[in-house]
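As structure tokens, the structure follows; a few thoughts come after it.
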Amino acid sequence: MTAEETIKQTIDANDVVLFMKGNKMMPQCGFSSRVAGVLNYMGVDFADVNVLADDGIRQGIKDFSDWPTIPQLYVKGEFVGGCDIITEMTLSGELDQLFEAKGVSFDKDAADKIRDANA
Amino acid sequence: MTRAEKIVERLEAAFAPSVLDVVDESEAHRGHAGFQEGGESHFRVMIEAEAFAGLSRIEKHRAVHGALGRDLVAQIHALALTIRP
């Protein structure tokens, strides 16, 4: 299977996928860590793909989305953004709206706590 | 020309921003992955320009990536972007 096929299959098979450096339990980059931390804290069930474990995926995901940086978040097969965008959307409540619209379950109280802590 | 100067030059040429702030945060990442001796590996950019009005978040970021160019983006280990409006 090519890297592109692997990526396609992964985002088709999982509602929420984070391509990141390291994994959700042990991120290896501050930006990946921040996004994984938000999703973990919000109780979102997501698949994590460690791009450092596979050079083909590491380059392939950048080509796939035409986006030069890691992490990259996908919800229901759709590219949502990287660390800056996810951070902004978390604080504005847009991430909650996206999860609600896409039928992804998450802990609304936890999301509110993130916003309270960063108000 | 330093990378920071290139970032400023390319973003000014592309967007004529009303606010542009480019900060080299590399020193804060000394010893971490991607740190390069001499700095210029980790940047934080704040840009405000009329050109971004009406674009989605992803479109805004793509516009900045495009203006910086693949060569410069590939040299930078980390780029944190705040884009307004």
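Lettering follows sequence order; numbering is per chain, from 1.
Within 6.0 Å of atom CD in B:Glu12, more than 12 heavy atoms from other residues, nucleotides or ligands are found, so the atom counts as buried in its surroundings. Counting non-hydrogen atoms of neighbouring residues, nucleotides and ligands closer than 6.0 angstrom, the CE atom of A:Met26 reaches no more than 12 such neighbours. No more than 12 heavy atoms of other residues, nucleotides or ligands shown are found within 6.0 angstrom of NZ on A:Lys113. Summarising the local packing, CZ of A:Arg115 is surrounded by more than 12 heavy atoms from other residues, nucleotides or ligands at distances under 6.0 Å.
Under the 4.5 Å side-chain contact rule for hydrophobic residues, A:Tyr74 and A:Val38 share a cluster. B:Met46 and B:Ile83 are members of different hydrophobic clusters when ILVMFWY side chains are connected at heavy-atom separations under 4.5 Å.
Note: B:Leu81 CG to A:Glu88 CD = 9.0 Å, rounded to the nearest 0.5 Å.
The contact between B:Leu79 and chain A is made entirely by backbone atoms, counting heavy-atom distances below 4.5 Å. Contacts of A:Lys21 with chain B are made by side-chain atoms alone, with heavy-atom separations under 4.5 Å and no backbone atom involved.
Listed here is the closest heavy atom pair of A:Ser92 and B:Arg57: OG-NH2, 4.0 Å. B:Arg62 and A:Ser65 get closest at one heavy-atom pair: NH1-O, 2.9 Å. Between A:Phe79 and B:Ile58, the shortest heavy-atom distance links the atoms O-CD1, 3.4 Å.
Salt bridge absent: B:Arg70 and A:Asp63 never bring a charged side-chain N and a carboxylate O closer than 4.0 Å.
Across A:Val80, A:Thr87, A:Asp66, A:Asp84, the residue that shares the most heavy-atom pairs under 4.5 angstrom with chain B is A:Asp84.
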